[in-house]
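Owing to the predicted nature of the structure, the values given are computational and were not obtained by experimental measurement.
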Amino acid sequence: MGFFSNLFHHDDVSGTKKYVSISGMVCQNCVNHAAQALEAVPGVKKAKVSLMRGEAEVIVDDSVKDEDLLKAVVNAGYAATDISLHPKKIKKIK
């Protein structure tokens, strides 16, 4: 395991990938807090939160309901506005 194995490593986490739109995060601590809240939901296998995108990529098993994800984000102190099976499209600035 060296530099290149870490660079090209892909997690073999199976499940359904969902994208949760999150607003109210302002720093990396917020990102970490939101990720921890999502990963604490039973059935969530992995949560990756992006401050820049205002979105969490969450891998879940079939038992996880969208309401559980929304509740976790809201209870952590942020607003969850949408859950989708596709990431948000980023608009290019011309």
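Smallest separation of non-hydrogen atoms from Ala72 and Val41: CB-CG2, 3.5 Å. The shortest heavy-atom contact between Arg53 and Pro87 is NH2-CB, 3.5 Å. Closest heavy-atom contact between Met25 and Ala34: SD-CB, 4.0 Å. Nearest heavy-atom pair, Leu38 versus Ala47, reported as atom, atom and distance to 0.1 Å: CB-CB, 3.9 Å. Here the closest non-hydrogen pair linking His33 and Tyr78 is ND1-OH, 3.2 Å.
Between Thr81 and Ser23, the closest side-chain pair of non-hydrogen atoms falls below 4.5 Å.
The side-chain hydrogen bond (donor to acceptor under 3.5 Å, both in side chains) pairs that include a residue from residues 63-76 are Lys18-Asp66, Asp61-Ser63, where partners are two or more places apart or lie in different chains.
Every side-chain contact (heavy atoms from CB on, under 4.5 Å) that Leu70 has, sequence neighbours left out, goes to Ala80, Ile83.
When atom types are taken as modelled, the side chain of Lys17 and the backbone of Glu57 share no donor-acceptor pair closer than 3.5 angstrom. Judged by distance alone, with hydrogens and angles left aside, the side-chain atoms of Lys88 form no donor-acceptor pair with the main-chain N or O of Ser21 at under 3.5 Å.
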Working for side chain to side chain contact (heavy atoms under 4.5 Å, CB included), residues Leu85 and Thr16: CA-CA 8 Å; Leu85 295 176; Thr16 303; 4.1 Å; yes
In sequence, state the C-alpha distance, the side-chain angles, and the governing distance for Asn32 and Gln28, and then conclude on side chain to side chain contact (heavy atoms under 4.5 Å, CB included). CA-CA 6 Å; Asn32 295 339; Gln28 190 61 39; 3.4 Å; yes
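In the hydrophobic cluster analysis, where Ile, Leu, Val, Met, Phe, Trp and Tyr join through side-chain heavy atoms closer than 4.5 angstrom, Val74 is grouped apart from Val64. Criterion: ILVMFWY side-chain heavy atoms under 4.5 Å apart, direct or through other members. Under it, Val31 and Val58 are part of a common hydrophobic cluster.
Annotation: the span from Lys45 atom NZ to Ile59 atom CD1 amounts to 8.5 Å, rounded to 0.5 Å.
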